[in-house]
There are 2 protein chains.
Amino acid sequence: MTELWVIHYSTGYCSVRKGARVPTVSDVAARAGVSTATVSRALNGKPTVDPDLAARVRQAADELGYQPNGPARNLRRQEAAVVALIISDVENPFFTAIARGVEDVAHEVGYSVVLCNSDESVEKENRYLDIAIQERVAGVILSPSGPTSTVAKLAARGTAYVAVDRPLPGQDSDVVLVDTRLAAREATAHLIAQGYERIGCVTGPAGVRTADDRLAGYRDALKAARRRTSKLVRRTEYKAAGAHRAALDLLAQPEPPDALLIANSAMAVGVLQALQERGVRPGRDVGLVAFDDAPWAALVDPPLSVVAQPAYELGAVAARLLLARIADPARPPTATTLGARLIKRASSRRP
Amino acid sequence: MTELWVIHYSTGYCSVRKGARVPTVSDVAARAGVSTATVSRALNGKPTVDPDLAARVRQAADELGYQPNGPARNLRRQEAAVVALIISDVENPFFTAIARGVEDVAHEVGYSVVLCNSDESVEKENRYLDIAIQERVAGVILSPSGPTSTVAKLAARGTAYVAVDRPLPGQDSDVVLVDTRLAAREATAHLIAQGYERIGCVTGPAGVRTADDRLAGYRDALKAARRRTSKLVRRTEYKAAGAHRAALDLLAQPEPPDALLIANSAMAVGVLQALQERGVRPGRDVGLVAFDDAPWAALVDPPLSVVAQPAYELGAVAARLLLARIADPARPPTATTLGARLIKRASSRRP
DNA sequence: GTGAAAGCGCTAACAC
DNA sequence: GTGTTAGCGCTTTCAC
């Protein structure tokens with residue numbers, strides 16, 4: 001990325017005009033020869049408008065290129081058909097799949113979705129929560145970045161919200177989760193069954209619920225197999241770089257692991273890089289199972305065993321719950337848990 | 001994903017209150033014993049307000065949990081510190097990297113970014129353009145989904161916009177591109193130099209400029225090497241599924257390709273799957289170069305040669321141009337072209 | 001330095 | 001059915 005070259009040249013004069021006056025209801029009303037109220041009614045499809053007038057209004061609006069002013073409308077209506085989705089990493093396919101699920105459901109009922117990237121930072125998350133409140137969105141779906149998320153503000157204002165992938169501590173909100181602890185346990189049990197002896201775990205930061213749960217499931221399985229709890233656990237940010245460091249550290253131990261449970265696909269990239277650098281062959285020297293069935297997982301050498309999570313469904317369910325809560329703020333909150341699926345490939349088959 | 005199980009249960013009563021009245025400037029004013037005008041001035045950091053009063057106002061605002069009403073403010077100010085970013089695929093790492101670039105620059109100057117996913121559909125793109133106009137965003141950055149994008153609306157209203165990754169046909173707007181034709185030419189020349197004979201190309205839909213350019217660069221290289229233009233070209237949507245079909249089709253030809261130029265990383269996944277299914281070994285039987293240096297590219301077997309594009313920089317530059325245009329609508333539009341870099345790995349080394 | 005008042009564009013009462 | 005009017009919450013002249 002260092003040897004970029006850049007051409008910068010002007011391509012002429014720009015057609016953007018500052019003075020362009022934006023037409024309003026009054027302009028449309030004047031052109032159609034009716035009142036602003038009629039314009040509003042006609043354009044919003046209210047049935048109490050004479051069809052002829054409505055047609056005249058629509059034509060006038062078209063001719064003027066009228067587009068309603070959203071902020072004004074929302075100010076008046078005291079509500080907007082917009083939901084905010086705050087996720088912790090736009091570059092993580094797991095979260096973008098959630099986003100697709102949310103989008104599809106929201107669009108079906110005419111809601112827009114604005115995507116906010118909290119970048120696993122509680123600070124940015126709070127900033128976006130404030131923005132969501134200030135923009136008076138109808139609801140918020142979020143995957144909390146840490147244990148200290150301050151969604152209390154949302155509750156205090158009566159803004160609907162749903163937690164996705166990670167629960168909100170001390171909040172009885174709607175929540176959609178994956179049974180990730182069980183999945184981690186099954187994945188670890190699979191590694192044990194394959195005869196691996198020193199199974200390690202690379203998971204996310206303490207306080208991030210999915211990271212804690214995956215670690216707990218890993219320990220469940222070791223305990224059930226009467227292994228002593230391993231010292232081969234590393235916790236780092238949910239990204240390739242952190243996992244890369246963690247894997248190098250583990251490989252440098254006097255008794256390095258012969259298998260690893262990895263808590264997401266970005267981390268899997270870091271671990272695989274580290275193994276490559278150290279000349280350790282995945283599958284042969286070190287068994288691997290990673291969370292998230294990334295599109296490339298079956299293409300690496302050897303194909304990577306994964307825990308496939310229903311990310312799209314997670315988003316879709318969260319969106320439905322949010323819409324339900326917007327419609328009825330008094331409904332009792334629900335918790336939904338979706339199952340994950342272990343896909344066994346060559347990276348976890350004992351040679 | 002079929003064998004999901006779902007637990008649905010109530011977790012108690014929800015704390016969301018519908019009646020919660022949201023405090024306004026008037027409430028703050030009353031509590032601080034000043035006028036609404038002073039509240040506004042104090043909260044916006046205007047220097048013409050007595051420090052003591054300002055402190056009182058801030059305290060009152062805190063106590064009430066006051067959050068300004070965004071739509072109302074924007075309505076009054078006739079502008080919002082928000083830019084819309086319309087990209088054609090949120091699940092494509094290339095575009096999410098662009099998004100990060102845009103975000104980082106925008107946040108530096110206090111702008112928010114709303115991300116819209118047009119899903120390579122001109123229809124959705126237009127829908128989002130309408131929404132952007134209606135929400136009266138300060139500007140729009142978009143990667144047009146097709147040749148018929150109707151950004152004309154933006155120009156007509158005087159809304160600032162910048163095209164990223166793909167130009168807008170017939171618009172002299174600001175634009176930030178990658179010299180993708182040259183990159184494709186270099187990648188193809190590299191395959192030729194390695195001694196591959198029947199080099200094919202899997203690229204995106206006709207009318208999508210990057211797809212056309214990559215194809216053109218490919219042909220440039222063949223022509224320069226005095227090869228007759230190959231019939232081994234397939235065009236499909238910019239996704240794994242389309243590329244998968246295209247690759248299967250190419251492999252079934254009487255004279256199948258012995259090398260392929262692939263127009264993005266999602267397509268590379270589809271091609272690699274197809275090769276795997278047919279027992280064709282990448283690198284040995286078929287040389288490969290793909291656009292986009294996905295994190296996993298070096299991890300597949302053999303490591304994938306790629307054309308690395310400066311996606312983050314693309315977004316960052318686009319954001320800077322947009323901010324400049326918002327500040328000065330009359331400035332002449334510029335075109336910026338960034339270079340790409342060929343990274344040669346084993347998938348394109350002739351055995 | 002501060003307050004009173006107007007008004008951004010729209011919709012929803014309320015008249016007619 | 002349609003028009004008149006008030007007002008959503010905020011900022012910003014304009015007086016003082």
Side-chain angles (χ1 to χ4, degrees), chain A residues 20-58 60-61 64-82 130-131 133-138 157-159, chain B residues 20-58 60-61 64-82 131 133-138 157 159:
Chain A
R21 219 183 73 74
V22 180
T24 72
V25 269
S26 313
D27 300 317
V28 178
R31 189 175 186 103
V34 297
S35 74
T36 60
T38 301
V39 171
S40 173
R41 286 190 279 252
L43 261 28
N44 288 303
K46 292 275 192 302
T48 70
V49 184
D50 183 277
D52 286 2
L53 273 195
R56 240 164 62 203
V57 168
R58 273 193 299 274
L64 261 41
Y66 170 77
Q67 291 267 32
N69 181 315
R73 156 182 281 168
N74 297 337
L75 174 58
R76 178 63 231 229
R77 284 198 179 156
Q78 299 283 58
E79 63 176 23
V82 176
D130 281 344
I131 291 178
I133 290 172
Q134 289 172 15
E135 293 303 319
R136 303 298 196 260
V137 300
R157 312 186 79 83
T159 301
Chain B
R21 218 182 75 71
V22 180
T24 72
V25 267
S26 313
D27 300 319
V28 178
R31 188 172 186 105
V34 296
S35 74
T36 60
T38 300
V39 171
S40 174
R41 285 190 277 252
L43 261 26
N44 287 304
K46 292 274 193 298
T48 72
V49 57
D50 184 277
D52 286 1
L53 274 194
R56 241 164 62 203
V57 167
R58 273 193 299 273
L64 262 41
Y66 170 77
Q67 292 267 32
N69 182 316
R73 155 182 284 168
N74 297 337
L75 174 59
R76 177 61 228 231
R77 285 201 180 151
Q78 299 283 58
E79 64 176 24
V82 176
I131 292 178
I133 290 172
Q134 290 172 15
E135 293 302 320
R136 303 296 195 260
V137 300
R157 310 188 78 83
T159 301

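Proteins come first, then strands; the chains are lettered A, B, ... in the order of their sequence lines, and each starts at number 1.
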Given [options], identify the nucleotide with an atom nearest to the side chain of [X].
X	options	value
A:Val34	D:dG3, C:dG9, C:dT2	D:dG3
A:Ser40	C:dT11, D:dG9, C:dA4	C:dT11
A:Leu75	C:dG1, D:dC8, D:dT11	D:dC8
A:Ala37	D:dT12, D:dT4, D:dT11	D:dT4

For the pair made of [atom1] in [X] and [atom2] in [N], what is the distance, rounded to whole Å?
X	N	atom1	atom2	value
B:Lys46	D:dT13	NZ	C1'	13 Å
B:Arg76	D:dT12	CZ	P	6 Å
B:Leu53	C:dT2	CG	P	4 Å
A:Ile133	D:dG9	CD1	P	16 Å
B:Glu79	C:dC8	CD	C1'	13 Å
A:Glu135	D:dC10	CD	C1'	13 Å
A:Arg136	D:dG9	CZ	P	8 Å
B:Asn69	D:dC10	CG	P	5 Å

Quick check on DNA chain D: between B:Asn44 and A:Thr48, whose nearest nucleotide comes earlier from the 5' end?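 Going by which nucleotide is closer to the 5' end, it is A:Thr48.
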Backbone N/O of B:Lys46 and side chain of B:Asn44: donor-acceptor pair under 3.5 Å: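 Side chain of B:Asn44 to backbone of B:Lys46, a donor-acceptor pair under 3.5 Å: no, none is there.
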For residues [X] and [Y], report the shortest heavy-atom separation together with the two atoms involved.
X	Y	value
A:Arg136	B:Pro68	NH1-O, 3.3 Å
A:Val137	A:Val82	CB-O, 3.5 Å
B:Ala138	B:Ala80	CB-O, 3.2 Å
A:Gly65	A:Pro23	O-CG, 4.0 Å

Quick one: label A:Pro68 by what it contacts on the DNA or RNA (base, sugar-phosphate, nothing), any heavy atom closer than 4.0 Å.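 Sugar-phosphate contact only.
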With a 4.0 Å cutoff (strictly under), does any side-chain N or O of B:Gln78 reach OP1 or OP2 of D:dT11?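 No, because none of the side-chain N or O atoms of B:Gln78 sits under 4.0 Å from OP1 or OP2 of D:dT11.
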D:dG3 OP1/OP2 closer than 4.0 Å to side-chain N/O of A:Thr38: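 Indeed, a polar side-chain atom of A:Thr38 lies that close.
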Has the side chain of A:Arg41 got a donor or acceptor atom sitting under 3.5 Å from an opposite partner on the base of D:dG3?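 Counting by modelled atom types and ignoring angles, a donor-acceptor contact under 3.5 Å is found here.
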For A:Thr24 and B:Asp50, find the nucleotide of DNA chain C closest to each by heavy atoms; which residue's nucleotide sits nearer the 5' end?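 Nearer the 5' end of the strand: B:Asp50.
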